[in-house]
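Below is one structure; the comments refer to it alone.
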Amino acid sequence: MADNQPGFEIPEQMREFADKSMDQARKAFDDFMSATQQAVTKVEGSTSAMQSGASDINKKAMEYAEEHMNSAFDFAQKLVRAGDANEMLELHKEYMRKQMETLGEQARELSDKASKTAQDASKASKP
């Protein structure tokens, strides 16, 4: 692109619309997560070692899902506010890098919790 050609710009009205849409989507997601967490809490009752471990894993998975959705909403809002295509590409690159790091850490943690749950259930089932 030549220096005298204008770059790609997002109109302010479109940014405001996208920003409002993101806020509404975030609120809907937060309401959904709240209702889901309440339902999970109601379902949990008396637990054995395996149920307790599974419950911990389920809670952790819900936390991770919420973290990922919040991260996606934050990323989308940053994209809406980006000044040009290069900034959008940089934001996408950084978002993907962080997501891959986070997913790796979360997979390790869930794997550790699953192993511990299996060990605890094995110990509890022995006479």
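Counting begins at 1 with the first residue of the sequence. In this text, all values refer to a predicted model and were calculated from it rather than measured experimentally.
- Salt-bridge check for Glu101 with Lys98: failed, with every basic side-chain N at 4.0 Å or more from each acidic carboxylate O.
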message: Using salt bridge (charged side-chain N to carboxylate O under 4.0 Å, His left out), reason through Lys60 and Glu63 one step at a time and then give a plain yes or no.
response: CA-CA 5 Å; Lys60 188 54 77 174; Glu63 288 175 24; 3.2 Å; yes
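- The residues Lys116 and Asp56 are annotated as not salt-bridged, no charged nitrogen and carboxylate oxygen being separated by less than 4.0 angstrom.
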query: Under the side chain to side chain contact (heavy atoms under 4.5 Å, CB included) criterion, do Met33 and Met62 qualify, and how do the steps go?
result: CA-CA 8 Å; Met33 288 304 297; Met62 291 295 291; 3.6 Å; yes
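- Following chains of ILVMFWY side-chain contacts shorter than 4.5 Å, one can reach Met69 starting from Phe32, so the two form part of one hydrophobic cluster.
- In this structure, the side chains of Asp23 and Gln77 come closer than 4.5 Å at one or more pairs of heavy atoms.
- In the hydrophobic cluster analysis, where Ile, Leu, Val, Met, Phe, Trp and Tyr join through side-chain heavy atoms closer than 4.5 angstrom, Ile57 is grouped together with Tyr64.
- The existence of a salt bridge linking Asp19 and Arg15 is excluded, since no basic side-chain nitrogen approaches an acidic carboxylate oxygen closer than 4.0 Å.
- Between the side chains of Thr102 and Glu67, no donor-acceptor pair is found at a separation under 3.5 Å.
- Arg26 and Asp74 are joined by a salt bridge, as a carboxylate oxygen and a charged side-chain nitrogen come within less than 4.0 angstrom of each other.
- How far OG of Ser111 is from CD of Glu109: 10.5 Å, rounded to the nearest 0.5 Å.
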- request: Report the C-alpha distance between Glu66 and Gln37 in whole Å, list the side-chain angles of each, state the deciding distance to 0.1 Å, and finish with yes or no for side chain to side chain contact (heavy atoms under 4.5 Å, CB included).
  value: CA-CA 11 Å; Glu66 188 171 7; Gln37 289 172 345; 3.4 Å; yes
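- Residues Leu103 and Tyr95 do not share a hydrophobic cluster, defined by chaining ILVMFWY side chains whose heavy atoms lie under 4.5 Å apart.
- Residues His68 and Gln106 are in side-chain contact: their nearest non-hydrogen atoms beyond the backbone lie under 4.5 Å apart.
- A salt bridge does not link Lys20 with Glu16: none of the charged nitrogens is closer than 4.0 Å to a carboxylate oxygen.
- Phe29 and Ala65 make their closest contact through CZ-O, 4.2 Å (heavy atoms, listed as atom of the first residue, atom of the second, distance).
- Val80 and Phe17 fall into different hydrophobic clusters, defined by Ile, Leu, Val, Met, Phe, Trp and Tyr side-chain heavy atoms under 4.5 Å apart, directly or through other members.
- Residues Leu91 and Ala82 share a closest heavy-atom pair of CD1-CB, 4.1 Å.
- Within the 4.5 Å cutoff, the side chain of Met88 has no heavy atoms near those of the Lys78 side chain.
- Checking side-chain atoms of Ser34 against main-chain N and O of Asp30 turns up no donor-acceptor pair under 3.5 Å.
- For Ala76, the side-chain contact (heavy atoms from CB on, under 4.5 Å) partners at least two apart in sequence or on another chain are Met22.
- Ring geometry, His92 versus Phe75: the interplanar angle falls from 30° to 60°, so the pair is classed tilted.
- A donor-acceptor pair is defined here as one N or O able to donate and one able to accept, closer than 3.5 Å; no such pair exists between the side chain of Glu94 and the backbone of Glu90.
- Note that CG of Asp84 is 6.0 Å distant from CD of Glu87, once rounded to the nearest 0.5 Å.
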